[in-house]
Amino acid sequence: MVGKKVNASSVPFRFQSASRKSSVVTVQAADGPVCVVTGASRGIGAAIATQLGAQGCRVVVNYAASAGPAEEVCKTIKASGGDAIAVQANVAKQEEVDALFKAAVDAFGEVNVLVNNAGITRDTLMMRMKLAQWQEVIDLNLTGVFLCTQAATKIMGKKKPVKGRIINITSVVGVTGNAGQANYSAAKAGVIGLTKTVAREYAGRNIQCNAIAPGFIASDMTAELGPEIEAKILTTIPAGKYGQPEDIAGMVRFLALDPAAAYITGQTIHVDGGMVM
Ligand code: NAP
């Protein structure tokens with residue numbers, strides 16, 4: 001299902017002010033970079049999409065099931081001067097990834113930034129982990145990143161001069177490992193390796209690829225852990241608190257949009273309150 005794009009160009013609206021008469025102003029169409037953010041209906045992805053939208057980006061808000069929240073993210077983006085469409089797609093599936101990127105190009109004509117954020121956990125100890133639990137996490141958290149990156153780089157390569165930025169959301173556990181997360185930590189470690197390879201293959205074509213490794217960030221994913229595990233985790237974070245989705249979104253904004261990030265590629269940047277150093 002492809003959400004409807006409402007183009008903000010030439011939409012007149014009334015500007016009310018207590019001190020002067022109402023006047024008609026014209027909202028300019030957002031013409032910033034086109035950013036595809038996977039898993040942008042909730043949590044970290046929603047914060048990333050919102051921050052990019054507030055910079056005037058045209059954002060493709062991907063989601064798996066949460067159509068309502070994805071539309072809310074689009075509304076917020078449009079209200080802040082960006083443009084957005086919501087696109088449902090399971091990014092673990094090649095045909096749905098193809099449809100996602102077709103929707104992006106149909107709506108906005110190009111793709112300049114890809115944020116591979118969609119991710120799930122299926123935690124259990126190694127000795128109890130079923131093959132299906134392993135596979136489900138690998139399929140989305142690693143293969144999904146491969147599929148979206150391949151689709152995005154094809155589109156980025158078509159427009160001359162070629163330019164693009166890819167940001168992969170990995171995790172500190174992809175570096176440290178974590179009991180109960182064999183599937184998740186393997187996928188996230190794989191994302192770090194994939195990031196370096198994509199960076200090497202595309203550096204000469206002006207496409208930068210970096211990863212961000214969040215520590216523990218307040219979201220639905222970490223809410224599942226419960227107060228006992230949370231208390232234990234907090235003892236391992238020098239900052240003494242969970243991060244917020246906006247902490248990750250700020251780093252994405254820098255890597256995706258800032259001219260100062262143009263010479264950074266193949267890096268994994270930790271945003272984790274000092275957990276891993
Ligand atoms: P979250 O709150 O659980 O949100 C997950 C997002 O992924 C949702 O938008 C969900 O869409 C989407 N999604 C799930 N399955 C999908 C699929 N098959 N195709 C497309 N989208 C799908 O997670 P989060 O905490 O924000 O995490 C975001 C990313 O950060 C993940 O990659 C996660 O591994 C990583 N990370 C998180 C933490 C943390 O502490 N939270 C730490 C390190 C890394 P629906 O709403 O439609 O289900």
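Indexing begins at 1, ligand by ligand and atom by atom, following the structure's order. The figures that follow rest on heavy atoms only: side chains count, while hydrogens, waters and symmetry mates do not.
The backbone N or O of Ala92 sits nowhere less than 3.5 Å from a side-chain atom of Asp139 that would complete a donor-acceptor pair. Remark: side-chain polar atoms of Asn183 are not paired, donor with acceptor, to backbone N or O of Val137 under 3.5 angstrom. Panel note: side chain Gln208, backbone Ala262; a donor-acceptor pair is recorded below 3.5 Å.
Of the protein's non-hydrogen atoms, the one nearest atom 15 (N) of ligand 1 is Leu140 CD2, 3.5 Å. Here the heavy atom of the protein found nearest to atom 9 (O) of ligand 1 is Ser41 OG, 2.7 Å. Given atom 6 (C) of ligand 1, the protein heavy atom at minimum distance is Gly39 O, 3.7 Å. Atom 16 (C) of ligand 1 has its closest protein heavy atom at Ala64 CB, 3.5 Å. The nearest protein atom to atom 40 (O) of ligand 1, hydrogens excluded, is given as Ile217 N, 2.8 Å; this is a heavy-atom distance. The nearest heavy-atom contact from the protein to atom 18 (N) of ligand 1 is Asn90 OD1, 2.8 Å. Closest to atom 10 (C) of ligand 1 among all protein heavy atoms lies Arg42 NH2, 3.6 Å. For atom 36 (N) of ligand 1, the nearest non-hydrogen atom of the protein is Tyr184 OH, 3.5 Å.
Checking Val37, Ile44, Val73 against atom 26 (O) of ligand 1, the nearest heavy atom belongs to Ile44. Comparing Val61, Ile169, Thr170 by heavy-atom distance to atom 44 (C) of ligand 1, the nearest is Thr170.
Counting all heavy atoms, side chain and backbone alike, Ile85 lies closest to Cys74 at C-SG, 3.5 Å. A pairwise comparison of heavy atoms in Ala30 and Gly82 identifies CB-C, 3.6 Å as the closest pair. In this structure, Cys148 and Asn116 approach most closely via the heavy-atom pair CB-OD1, 3.2 Å. The minimum heavy-atom distance linking Ala118 with Thr38 is given by the pair N-OG1, 2.9 Å. What you find for Gly157 and Val162 is that their closest heavy atoms are O-CG2, 3.6 Å.
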- Message: Would Thr195 and Asn168 count as a side-chain hydrogen bond (donor to acceptor under 3.5 Å, both in side chains) here? Give the steps.
- Response: CA-CA 7 Å; Thr195 299; Asn168 298 326; 2.9 Å; yes

- Task: Run the numbers on Ser80 and Thr50 for side-chain contact (heavy atoms from CB on, under 4.5 Å), then give the verdict.
- Result: CA-CA 9 Å; Ser80 69; Thr50 304; 5.9 Å; no

- Message: Pair Thr265, Asn210 - check side-chain hydrogen bond (donor to acceptor under 3.5 Å, both in side chains), show working.
- Response: CA-CA 5 Å; Thr265 198; Asn210 291 290; 4.7 Å; no

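The salt bridge (Lys or Arg N to Asp or Glu O under 4.0 Å) contacts involving residues 97-123 comprise Arg58-Glu110, Lys102-Asp106, Glu110-Lys159, Arg122-Glu136, where partners must be two or more places apart or lie in separate chains.
Under the 4.0 angstrom criterion for non-hydrogen atoms, Ile248 is not in contact with ligand 1. Using 4.0 Å as the threshold, Ala92 has no heavy atom nearer than that to any atom of ligand 1. Under a 4.0 Å heavy-atom criterion, Gln88 is not in contact with ligand 1. Ligand 1 lies nowhere less than 4.0 angstrom from a heavy atom belonging to Tyr242. Distances shorter than 4.0 angstrom occur between a heavy atom of Gly215 and an atom of ligand 1.
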Anything under 3.5 Å between a donor and an acceptor, one on a side chain of residues 243-252, the other on a protein residue two or more places apart or in another chain? List them.
{"from": "Asp247", "atom 1": "OD2", "to": "Gln244", "atom 2": "N", "distance (Å)": "2.8"}

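Near Phe216, with a cut-off below 4.0 Å to any heavy atom, the atoms of ligand 1 are 40 (O). Residue-ligand proximity, Asp220 to ligand 1, at heavy-atom distances under 4.0 Å covers atoms 2 (O). Using a 4.0 Å cut-off to heavy atoms of Thr222, the atoms of ligand 1 that qualify are 39 (C), 40 (O), 41 (N). Numbered from 1 in the order shown, with element, the atoms of ligand 1 that lie under 4.0 Å from a heavy atom of Ala40 read 9 (O). Atoms of ligand 1 lying under 4.0 Å from at least one heavy atom of Ala89, given by number and element, are 19 (N), 20 (C). Atoms of ligand 1 lying under 4.0 Å from any heavy atom of Val91, numbered from 1 in the order shown and given with element: 19 (N), 20 (C). In the vicinity of Asn117, heavy-atom distances shorter than 4.0 Å reach the ligand 1 atoms 28 (C), 29 (C), 30 (O), 31 (C), 32 (O). The distance from ligand 1 to the heavy atoms of Ala118 drops below 4.0 Å at these ligand atoms: 7 (O), 20 (C), 21 (N), 22 (C), 32 (O).
Around OH of Tyr242, the count of heavy atoms belonging to other residues, nucleotides or ligands within 6.0 Å exceeds 12. In the displayed structure, Glu228 atom CD is contacted under 6.0 Å by at most 12 heavy atoms of other residues, nucleotides or ligands.
Both the backbone and the side chain of Pro214 come within contact range of ligand 1, each with a heavy atom under 4.0 Å.
At least one N/O-N/O distance between Lys188 and ligand 1 falls below 3.5 Å. An N or O contact shorter than 3.5 Å is missing between Gly45 and ligand 1 by distance.
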